[in-house]
Every structure is written in C-alpha cells, then in structure tokens.
There are 2 protein chains.
Amino acid sequence: MDLFVSKFFNKIDKKGRVSLPSSFRNALPKANRNEIILYKSIKSPSIEGCGVGRLKEIAKRINNLDFFSEDYDDFSTSIFSEIVTTNIDKEGRFLIPEELKSYAGIKTEAAFFGQGHFFQIWEPAQGLKNTEVSRKRLLEEKKSLRIILTQQK
Amino acid sequence: MDLFVSKFFNKIDKKGRVSLPSSFRNALPKANRNEIILYKSIKSPSIEGCGVGRLKEIAKRINNLDFFSEDYDDFSTSIFSEIVTTNIDKEGRFLIPEELKSYAGIKTEAAFFGQGHFFQIWEPAQGLKNTEVSRKRLLEEKKSLRIILTQQK
DNA sequence: CACATACCCATTGACGCCCATATAATCCCA
DNA sequence: TGGGATTATATGGGCGTCAATGGGTATGTG
C-alpha cells in the first residue's frame, strides 16, 4: 500500500522523538525510506508530511515559472524555506522541529492522519475535532461523497 | 537531497566567518563542495547563492530574455558582473564579502533560506518579514498555490 | 610588516546509532 | 483451534559523532 491511511496516536519522548506509524513508513518509496518532509498546513493548524519525492515534483513545477517574476519568488520562498526535512532513525522515529510543533500546538503526543498521498500531524484533541467537523460538513452538504465512493474506475 | 530547503540562522564570528548549513553543503554537487557563488538578489535586499554549476542555468534563463530588451542588459549586467566566488573551509564556513553584507544589511547573524535550486542569505529580521509577506501574497491570490501544492503525481 | 585568509585544534550541544524492554500482532504446531 | 513461541512496533535511555562556534597559528600578498 503506497498510500497514507488511517489514524494513529504516538507519544513524543523526552528527546522529542516520535514514531512514524509503521504503515506510513511502508507507504514511503523504498528508495527514500529514511527521510520525510514536513511543512505547515496552509489551511489548518497542523503539520503536513510526505516523502521527498513529492518535493522534487514541486521543485520542478516551480522551476518552470518565470524565473524573474514575483510569483517565482513567492512560491520559492513560501515553500522551500518553510519546508523542513527530517531523518527517520532505525527505529522509525523522527524529530518534529520546535517551530512546527508550536504551530500545531503539539506537546507530548502526536496524532497522525492519513490523507492519501500525504499525511497530517495534529495535536490529538484538535485533530479528532477536525475530522468530526469535516465529516459533518461533508454529510450536511451531501457533497459528492456518494459519487466519489461509488464511482468505478 | 539535492535541494536547498528550510531555513537556518547562523552566527558570524569576529573573523567574518559563517557556517553554511550542513544540509546546504550536502545539496552542493559532490564535485564542488568547497566553492559557492554569491550575488546580490535583484528583487530584494538579500544575497543569493548556489553551487558553481548553477551558473549555466542562470545564463540560460537570461539568454531566453529578449536580446534587445532593456531587461536583458540589466539582468545580464546586474547578475554576472556582481557574482563572486568564495571558498568553504574544512569546517564548512565561508566569508561573505563586505559589499554583499552591507547590501543585505547583515551584521552579526545570517539567515539562510532554502529556495530549491539556490538559497538566499538575509539579515534575520528582514528575512522573516519577507517570508511572511510572501506567504500572505500567495494566500490572497491563492489561485496557483493550490495547483502547485496539491496536484498529484 | 600589516592585513587578510587558510589551516589546525578545542568546546559544546544536538542528533544519530545502538541496545533494551514491553506490549501487541502473527505464526506454528500439536 | 488453542496456546506457546516468534516477530514487529512503540517506547526508553546510553553514548559516540557531527555540526556550529571560538580561537591560535601559519601562510601569503601587498
């Protein structure tokens, strides 16, 4: 399974280490299993993460913008300087930078939420609340949930 | 990882030396790990830097501008004539030329901002302010941001 | 000789690597 | 199919290594 799915709650130890859920590690490409990228979510007080391959894809896209335009700078600055890479140790743990932790309000425990091609890290209580809210919104608006779920490839 | 990502704040010592962040050193091609080029950013009071190999890419970009335009001359002159090369010592430190330092208003501390294929060096406070402004501008016209960030594969 | 720069060595703190344990999941065999 | 044995995952802690920083000395160029 090369997708990030399900949710997990892991503890952050005294050294600041936290285990990346095993199934998430397996979702990373075999090539780069010991490095992930993290960045502040744009739409919520959470951290988003994924494998480095995705970053290279983004780099390619930005590189295609007009080199001397303001957009180029904005993207380049907002994305590359805000992204951090962290290494995963042999036990499958990694460090969440202080700045990101405080952005998400994470202290002693981190909640991992699979999002398909990437995942989110939340302060546990906030994360649960968020899933509840977004599920409710989805059902109320009877959005295309049914369509999405029943659509055949 | 062969990209310059994340941000770092390093001190400049009495001799004017400053450490190039470790991950930035690793982003340089193994061939030329002890030399980088620096030049004044055209669009902001900051210094831009990269490995010597990147020069060709810059040349190509400038070459793609209309040869008879003012831009061509301006960019060509402003960038190429201002480029300096500096050596990195065994501890990973280098010297920022006085002219560049004063251009960026850097005194005792330098902020390194990854920009993918190159990086910027800012006076810390100004650099942080710049990323903030950049991010705001992107979020306001959130048109293309989403495309760049969320497009799959 | 004065100044700038490169090389060498030292210190501190952070991080990675290794080993250990407990709980949970899986397997194997009678 | 039950139960013990094996493996995997999450977690804790010791310790060596490396990055960032400071400073002393040699080399060099005007």
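These values consider heavy atoms only, across backbone and side chains, with no hydrogens, waters or symmetry-generated copies. A, B, ... follow the sequence lines: proteins, then strands. Residue 1 opens every chain.
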Nearest-Å distance for atom pair [atom1]/[atom2], residues [X] and [N]:
X: A:Ile96; N: C:dC15; atom1: CD1; atom2: P; value: 13 Å
X: B:Asn26; N: C:dG16; atom1: CG; atom2: P; value: 13 Å
X: A:Leu95; N: C:dG16; atom1: CG; atom2: C1'; value: 9 Å
X: A:Asn87; N: D:dC18; atom1: CG; atom2: P; value: 14 Å
X: B:Asn34; N: C:dT5; atom1: CG; atom2: C1'; value: 15 Å
X: B:Lys90; N: C:dC9; atom1: NZ; atom2: P; value: 10 Å
X: A:Phe94; N: D:dA10; atom1: CZ; atom2: P; value: 11 Å

Salt bridge or not between [X] and [Y]? Use side-chain N to carboxylate O under 4.0 Å.
X: B:Lys101; Y: B:Glu98; answer: yes
X: A:Glu99; Y: B:Lys7; answer: yes
X: B:Glu132; Y: B:Lys129; answer: no

**Q.** Parallel, tilted or perpendicular, as decided by the 30° and 60° cut-offs, for the rings of B:Phe24 and B:Phe119
**A.**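 Tilted, since the angle between the ring planes falls between 30° and 60°.
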Q) Residues from residues 98-126 of chain B sitting under 4.0 Å of DNA chain C, heavy atoms only? A)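 Within residues 98-126 of chain B, no residue comes under 4.0 Å of DNA chain C.
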Q | Per-nucleotide protein contact string for nucleotides 20-26 of chain D, where B marks a base within reach and S marks sugar-phosphate only (heavy atoms under 4.0 Å, - for neither) | A | SBBBBB-
Q.
To the closest 0.5 Å, what do you measure between OH (A:Tyr39) and CD (A:Glu82)?
A.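 Reported value, rounded in 0.5 Å steps: 12.5 Å.
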Q. Only one of B:Arg135, B:Lys136, B:Arg137 forms a side chain to side chain donor-acceptor pair (under 3.5 Å) with A:Asp74, so which one is it?
A.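 Answer after filtering B:Arg135, B:Lys136, B:Arg137: B:Arg137.
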Q.
Is it the case that the ring center of B:Phe8 lies less than 6.0 angstrom away from the ring center of B:Phe112?
A.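 No, too far apart.
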(Q) Contact between A:Ile37 and B:Val5 at the side-chain level, heavy atoms closer than 4.5 Å - yes or no? (A)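 Side chain of A:Ile37 against side chain of B:Val5, heavy atoms only: no contact under 4.5 Å found.
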